[in-house]
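Here the structure is a predicted model, which is why all the values come from computation and not from measurement. Sequential numbering from 1 along the given sequence is applied to the chain's residues.
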Amino acid sequence: METSNNSEDLLAKSVDELGFDPEVLRNKYRQERDKRLRVDGNDQYVEVTGEYSHFVDDPYIETPVIREPLSDEVDVIVIGGGFGGLLTGARLRQAGVANIRLVEKGGNFGGTWYWNRYPGAACDIESYVYLPLLEEMGFVPERKFIDGKDILAYSQSIAKKFDLYDNACLQTEVTETRWDESIQRWIVSTNRGDQMKARFICMSNGPLHRPKLPGIPGIDTFKGHTFHTSRWDYQYTGGSAEGNLSGLKDKRVGVIGTGATAVQCVPHLGASAQQLYVFQRTPSSVDFRNDPPTDKKWFNSQEPGWHQHRMDNFNILVSGGYAEEDLVNDGWTDIIRNLLLLVQTRKDSGMSPEALAELAEIADFQKMEEIRGRVETEVSDQAIAEALKPYYRQFCKRPCFHNEYLATFNRPNVLLVDTKGRGVEQITEKGVMVDGVEYELDCLVFATGFEVGTGYVRRSGYDVVGHDGITLSDKWSERVSSLHGMHTRGFPNCFILGNIQAGFTANYPHALNEEAKHISYIVSHVMDNDLNSVEASAQAESDWVETIIDYSQFNEKFLEDCTPGYYNGEGKSKERLRQHNNYGKGSEAFFERMREWRSAGDLSGLEVK
């Protein structure tokens, strides 16, 4: 492949040959970003407490659990019943750890898929990559993109397979975890009066579980019906996850938010409501979604180890790496092919880093021009189409894939209310104000996502108290400090699952799986060798933080230039990045580093008692 020549040819193309002017697009992207910059960053969102607490109530519990408070002891308490908790439990079981307890505030396992039951909810990454433990479970997804209800059922089947229902505490919310040095145990307190002891705690609270609300003036004054998409009110709307929202046939409905959730639920609202208003600050990038049924013959022909290989292949491609083949071959990896396959390997391309960056930008412009062209094709009103066009680099926001969202704006009962990047002006007793116009509503739906960039303790709902009364909220009040993203000094035998200062993957369960393997190795090592505790050393933690800061430069400029969103701290990337960042060399490099760490067998960087 004459990749280098092709790359240089692309950079040398004229505006007429490209079909767009790169400098014009750079200016347009900058203008659109600047419209959306806010001084308050993540502080623009209202914490869901007090008068807003009903937005986090569990509407799905059919039979409340009644039990006495627990004060017993287990080896490991895993907090969180989503994929992170399930994977940790499964990997601990495989490592021979028997005395495990999962604590989950919801009525069942499933994590974000327990809460997100809105109409149209589905995986946006193919199920053969997204669903963890496919080989261990012997599960065959029905389609390439599995529905939310089926992911929920699959989550619960994992819990059954690995006996995680045994000894679990569901409908139970942790209120504090506190290290008792005198007995070398964690005391886990809950809203049920529990004072459970554990040798280890694994915190998998998840990034997508605590709803966030926009801090719009008057948000508490609306007299109509409201709910968040993660607590969908089917008693009000009627219908089910398949749609048919018959309760809305005579209702004026408003939706605030146009991200991944809205892209999936807006088509169902548009098909059912008397009138639907979609209030938009920033449009999503919406590409075609090819969702065929699973070819069972193909699926059953896969060799052992295929699932890990396919996950790795996908992750390499969407992380900016090179693979000989593209196993997934869909919209996600199509994006990467536009960006990277023009230069087969960076080392052999003979191009400078600056030229490579310019090439990536040009190829990104090409892909986004395709996305914007699709909007023109799908939406008949060209003024509305123009407002729905995303003007930012791909991966500034999570890309979406849907075949009905854009066409929904052709319906006579659906109106896009574009706020031109400013957001909704005010919420009144009767509805929503934008540019001085009041849109009267019967129902207001918040498709505003989840808290991602806020403090860990605020999102988890409990504090962690370590040595000498030090709290995680105090230690991390200004900056996160950890070893490998999973340990933090002052908190022995405590493991944190997440992506800050660890590996970030577009396919989040992949990262959770790698962390679960790592944690189960350490726990079993400590138990098998009759050790008491492990804790990050001060030097190892400091060195790791410096590593994170040093590597943050690799994507800092890209994120600074992005339109505001949770990827770049709502436009405050310089403050958020560097220390509050992922491993800058990429997730594959991070996973390899963890594998090498385990192979050494000496628990380097951990103080062992």
Asks: In the structure I gave you, are the side-chain heavy atoms of Gln308 and Glu135 within less than 4.5 Å of one another anywhere?
Replies: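 Result no, sub-4.5 Å side-chain heavy-atom pair not found.
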
Asks: Is there a donor-acceptor pair under 3.5 Å between the side chain of Glu425 and the backbone N or O of Arg422?
Replies: no

Asks: Would you call Lys144-Asp291 a salt bridge at under 4.0 Å N-O?
Replies: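 No, Lys144 and Asp291 are not salt-bridged.
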
Asks: Rounded to the nearest 0.5 Å, how far does CZ of Phe83 lie from OG of Ser155?
Replies: 4.0 Å

Asks: Is it true that Tyr392 and Tyr29 have ring centroids separated by less than 6.0 Å?
Replies: no

Asks: Test your reading of the model: is there a side-chain donor-acceptor pair from Asn507 to the backbone of Ile125, 3.5 Å cut-off?
Replies: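 Here the side-chain-to-backbone pair does not exist.
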
Asks: Please round to the nearest 0.5 Å and tell me the distance separating atom CG of Leu134 and atom CD of Gln302.
Replies: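 Rounded to the nearest 0.5 Å, the CG-CD separation comes to 11.0 Å.
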
Asks: Of all the heavy-atom pairs spanning Leu102 and Leu86, show the shortest one and how long it is.
Replies: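 That closest heavy-atom pairing would be CD2-N, 4.4 Å.
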
Asks: Donor-acceptor pair, distance only, cut-off 3.5 Å: does the side chain of Asn300 make one with the backbone of Lys296?
Replies: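 Checking the backbone N and O of Lys296 against the side chain of Asn300, a donor-acceptor pair under 3.5 Å is found.
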
Asks: Would you name the heavy atoms of Val65 and Gln171 that are closest together and state the gap between them?
Replies: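 Closest approach of Val65 to Gln171: N-OE1, 2.9 Å.
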
Asks: Any side-chain heavy atom of Arg93 sitting closer than 4.5 Å to one from Ile100?
Replies: yes

Asks: Under 4.5 Å between any side-chain heavy atoms of Leu133 and Tyr154, yes or no?
Replies: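 In contact.
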
Asks: Between Asp58 and Gly106, is there a donor-acceptor pair closer than 3.5 Å when you use the side chain of the first and the backbone of the second?
Replies: no

Asks: Check whether the ring centres of Phe446 and Phe227 lie less than 6.0 Å apart, and answer yes or no.
Replies: no

Asks: Quick one: does Trp306's side chain get under 4.5 Å of Leu327's, heavy atoms only?
Replies: no

Asks: Using the rule given for side chain to side chain contact (heavy atoms under 4.5 Å, CB included), can you reason through Leu497 versus Ile519, listing the C-alpha separation, both sets of side-chain angles and the distance that settles it, and then say yes or no?
Replies: CA-CA 9 Å; Leu497 287 94; Ile519 290 167; 3.7 Å; yes

Asks: Measuring from Ile256:CD1 to Ile427:CD1, what's the distance to the nearest 0.5 Å?
Replies: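 Rounded to the nearest 0.5 Å, the CD1-CD1 separation comes out at 4.0 Å.
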
Asks: Can the ring centroids of Tyr508 and Phe504 be said to lie less than 6.0 angstrom from one another?
Replies: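 No, the ring of Tyr508 stays outside the 6.0 Å limit from the ring of Phe504, centre to centre.
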
Asks: Taking C-beta and beyond as the side chain, do Thr428 and Phe222 meet within less than 4.5 Å on heavy atoms?
Replies: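 They are not in contact (no side-chain heavy atoms under 4.5 Å apart), so the answer is no.
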
Asks: Given 3.5 Å as the limit, does a donor-acceptor pair link the side chain of Asp381 with the main chain of Ala383, or not?
Replies: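 Judged by distance alone, yes, a pair lies under 3.5 Å.
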
Asks: Could you pull out the closest heavy-atom pair between Gln394 and Pro399, with the gap in Å?
Replies: OE1-CB, 3.5 Å

Asks: Go through the side-chain N and O atoms of Asn315 and Glu588 and say whether any donor and acceptor fall under 3.5 Å apart.
Replies: yes

Asks: Answer yes or no: is there an ion pair linking Lys367 with Asp287, defined by an N-O contact shorter than 4.0 Å?
Replies: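 The answer is yes: the pair qualifies as a salt bridge.
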
Asks: List in chain and number order the residues that pass ring pair (Phe, Tyr, Trp, His ring centres under 6.0 Å) with Tyr114, two or more places apart in sequence or in another chain; answer none if no residue qualifies.
Replies: Tyr60

Asks: How close do Cys265 and Tyr118 get, counting heavy atoms only, and between which atoms?
Replies: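 Between these two residues, the closest heavy atoms are CB-CD1, 3.9 Å.
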
Asks: Between CG of Leu444 and CZ of Arg252, what distance do you get to the nearest 0.5 Å?
Replies: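 Here the interatomic distance stands at 12.5 Å.
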
Asks: Does a donor on one side chain sit under 3.5 Å from an acceptor on the other, for Asn116 and Ser230?
Replies: no

Asks: Drop me the distance from Trp113's CH2 to Ile151's CD1, to the nearest 0.5 angstrom.
Replies: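 So the gap between those two atoms works out to 4.0 Å.
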
Asks: Donor-acceptor pair, distance only, cut-off 3.5 Å: does the side chain of Ser204 make one with the backbone of Gly85?
Replies: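 Yes; judged by distance alone, with no hydrogens or angles, the pair exists.
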
Asks: Just checking Phe314 against Tyr130, ring centres under 6.0 Å apart?
Replies: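 Aromatic pair excluded; centres sit 6.0 Å or further apart.
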
Asks: Within a radius of less than 6.0 Å around CD of Gln274, do more than 12 heavy atoms belonging to other residues, nucleotides or ligands occur?
Replies: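 More than 12 heavy atoms, drawn from other residues, nucleotides or ligands, come within 6.0 Å of this atom.
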
Asks: Run the ring pair (Phe, Tyr, Trp, His ring centres under 6.0 Å) test against Phe591 and tell me which residues pass, sequence neighbours left out.
Replies: His510

Asks: Apply side-chain hydrogen bond (donor to acceptor under 3.5 Å, both in side chains) to Asp326 and Thr333, showing your working.
Replies: CA-CA 7 Å; Asp326 178 1; Thr333 53; 2.8 Å; yes

Asks: So do Gln426 and Val432 actually touch side chain to side chain, heavy atoms under 4.5 Å?
Replies: no

Asks: Kindly write out the residues that satisfy ring pair (Phe, Tyr, Trp, His ring centres under 6.0 Å) with Tyr391, not counting sequence neighbours, or none if the list is empty.
Replies: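 Counting only residues at least two positions away or on another chain, Tyr391 forms no ring pair (Phe, Tyr, Trp, His ring centres under 6.0 Å).
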
Asks: Is the shortest side-chain N to carboxylate O distance from Glu32 to Arg36 below 4.0 Å?
Replies: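 A salt bridge is present here (some side-chain N lies under 4.0 Å from a carboxylate O).
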
Asks: Please table the atom pairs, donor to acceptor, closer than 3.5 Å between any side-chain atom in residues 159-170 and protein atoms at least two apart or in another chain.
Replies:
from   : atom 1 : to     : atom 2 : distance (Å)
Tyr165 : OH     : Asn108 : OD1    : 2.6
Asn167 : OD1    : Arg101 : NH2    : 2.8

Asks: Any carboxylate oxygen within less than 4.0 angstrom of a Lys/Arg side-chain nitrogen, looking at Arg289 and Asp330?
Replies: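 Salt bridge absent between Arg289 and Asp330.
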
Asks: Can you find a heavy atom in the side chain of Glu136 that is under 4.5 Å from one in the side chain of Gln94?
Replies: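 Contact flag for Glu136/Gln94 side chains = yes.
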
Asks: Taking Asp147 for the side chain and Gly120 for the main chain, is one N or O donor matched with an acceptor at less than 3.5 Å?
Replies: no

Asks: Evaluate salt bridge (charged side-chain N to carboxylate O under 4.0 Å, His left out) for Arg143 paired with Asp150, printing each intermediate quantity in order.
Replies: CA-CA 10 Å; Arg143 308 189 65 81; Asp150 294 329; over 6 Å; no

Asks: Phe145 and Asp124: side chain to side chain contact (heavy atoms under 4.5 Å, CB included), yes or no, with the steps?
Replies: CA-CA 7 Å; Phe145 296 99; Asp124 64 0; 5.6 Å; no

Asks: Can a donor-acceptor pair be found between the side chains of Asp442 and His225 at a distance below 3.5 Å?
Replies: no

Asks: Looking at every heavy atom in both Val78 and Thr88, which two are closest together, and how far apart are they?
Replies: CG2-CG2, 4.1 Å

Asks: In Å and rounded to the nearest 0.5 Å, what is the CD to CG distance from Gln275 to Leu248?
Replies: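 That separation rounds to 12.5 Å.
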
Asks: Just to verify, what does Phe288 make a ring pair (Phe, Tyr, Trp, His ring centres under 6.0 Å) with, not counting sequence neighbours?
Replies: none

Asks: Among residues two or more places apart or on two chains, list those pairs meeting side-chain hydrogen bond (donor to acceptor under 3.5 Å, both in side chains) that have a residue in residues 235-246.
Replies: Lys149-Glu242, Trp232-Thr237, Ser240-Glu242

Asks: Just so I know, are the side chains of Met368 and Ser285 near enough to count as touching, which here means a heavy-atom distance under 4.5 Å?
Replies: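 Of all side-chain heavy-atom pairs linking Ser285 with Met368, at least one is under 4.5 Å.
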
Asks: Regarding Lys430 and Glu438, does a basic nitrogen lie under 4.0 Å from an acidic carboxylate oxygen?
Replies: no

Asks: Is a side-chain N or O of Thr229 found less than 3.5 angstrom from the main chain of Ala447, in a donor-acceptor match?
Replies: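 Judged by distance alone, no pair lies under 3.5 Å.
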
Asks: Does a donor on one side chain and an acceptor on the other come within less than 3.5 Å for Arg67 and Thr172?
Replies: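 There is such a pair between these side chains.
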
Asks: Report the relative orientation of the aromatic rings in Trp332 and Phe401; use parallel for angles under 30°, tilted for 30 to 60°, perpendicular for over 60°.
Replies: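 Rings of Trp332 and Phe401: tilted, as their planes differ by 30° to 60°.
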
Asks: Taking Asn499 for the side chain and Ala502 for the main chain, is one N or O donor matched with an acceptor at less than 3.5 Å?
Replies: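 A pair under 3.5 Å: no.
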
Asks: Of the non-hydrogen atoms in Thr258 and Thr282, which two are nearest, and what is the gap between them?
Replies: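 In terms of heavy atoms, the two residues are closest at OG1-O, 2.8 Å.
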
Asks: Is the backbone of Arg231 close enough, under 3.5 Å, to the side chain of His228 for a donor and an acceptor to pair up by distance?
Replies: no

